[in-house]
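Note sheet for the following structure.
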Amino acid sequence: MEFAHQSIVSIDQFDRAGVDRLFALAHRMRKIENREVQCNVLGGFILGSLFFESSTRTRMSFDTAFMRLGGLVNSTVGFDFSSMAKGETLQDTIRVAQGYCDIIVIRHPEQGSAAIAASCTQKTVINAGDGPGEHPTQALLDLFTIFEERKKVDGITIAMIGDLKHGRTVHSLAKLLMLYENVHLVLIAPSTVQMPQELVTTLQERGCRVTQTPHFQEWLSKVDVLYMTRIQKERFADSAAYDRVNGTYVLNRTLVEQHCKPDVTIMHPLPRLSELATDLDTFAGSAYFRQAENGTLVRMALFLLVMDKESKFV
Ligand code: NCD
């Protein structure tokens, strides 16, 4: 795949060679992240960091990634302090914002918003989450984490648990995993928040083994990776429907120690609510904080590739 000057809107843009190139570069970012060396490859460049939906990790790690490479960040956070509060369209906001920066990262509550943003500007746009649609860079850092924790992805059994309907991270990660061999995807969710059928069909057409079930405990002993997700309260039109599914699955240390493989990897894109007990934080296989940290490395590498600066990085 080509990276230079490409907007990153969907994980579908990636192939295995692209992922390998990105991850090889991400590893080289570690010495910058650790401040062993300083880097000014993006000196003079400005990132437009446009977050119209809540974020801690994604926004901070995109911004940190850009600043670690020597760039500056110009951000707008939330609708209240942007002209969208006055009724400005997304299209106009992008047309204006592009004049103040060299590359744009956008998070917005509407599915398809990143693609709309990319169509309004010649500047590179990176999707940091378009409502319940996709979250491609999260999928990349999730996959990077699986490699870090388990050394290989081919042949793994991974359970995705929770709100698979509204959770954009699992939409992107499920598709990304399809680039690997013999991955068994176990989709564990209440029937009202299962993975969209269209996506399940795509996964199956690409040769993936998919199991869909509402049953949680019986799968714990069979999986290599448990990917927990939050029930996405903000995406329910009806609060009673949220109440019916909230709290369905809670993973805690007792369950893990009683049922899971000893080398199980526990992941979560965070933020977590009650679905992931804090007594797991000291469990060796709990990778979720390492996962969040990996976001900076992967996003640094992605900036270098899409800004065509890889060769300048020494
Ligand atoms: C996720 C998101 O925003 O989609 N968080 C993240 O980016 N790390 C998951 C969530 O909000 O539940």
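All residue numbers refer to positions in the sequence shown, counting from 1.
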Mind checking what makes side-chain hydrogen bond (donor to acceptor under 3.5 Å, both in side chains) contact with Arg253, not counting sequence neighbours? Glu257, Thr282
Taking Arg107 first and then Asp130, would you say they form a salt bridge - that is, a charged N and a carboxylate O separated by under 4.0 Å? no
Thr93: side-chain hydrogen bond (donor to acceptor under 3.5 Å, both in side chains) partners, not counting sequence neighbours: Glu88
Check the side chains of Thr229 and His268 for a donor-acceptor pair under 3.5 angstrom, ignoring hydrogens and angles. no
side-chain hydrogen bond (donor to acceptor under 3.5 Å, both in side chains) against Glu110, all qualifying residues, sequence neighbours excluded: none
Non-neighbouring partners of Asp12 that pass side chain to side chain contact (heavy atoms under 4.5 Å, CB included), sequence neighbours left out: Ser10, Glu134, Lys175, Arg206
Hey, is Lys261 close enough to Asp224 for a salt bridge, meaning N to O under 4.0 Å? yes
For a quick check under 3.5 Å, do Asp243 and Asn246 share a side-chain donor-acceptor pair by atom type? no
Residues which pass salt bridge (Lys or Arg N to Asp or Glu O under 4.0 Å) with Asp308, listed by chain and number, not counting sequence neighbours: none
Under 4.0 Å between a Lys/Arg side-chain N and an Asp/Glu carboxylate O for Arg21 and Asp15? no
Any luck finding a side-chain donor-acceptor pair between Asn294 and Glu148 under 3.5 Å? no
Got a sec, which residues hit ring pair (Phe, Tyr, Trp, His ring centres under 6.0 Å) with Phe147, two or more places apart in sequence or on another chain? Tyr180
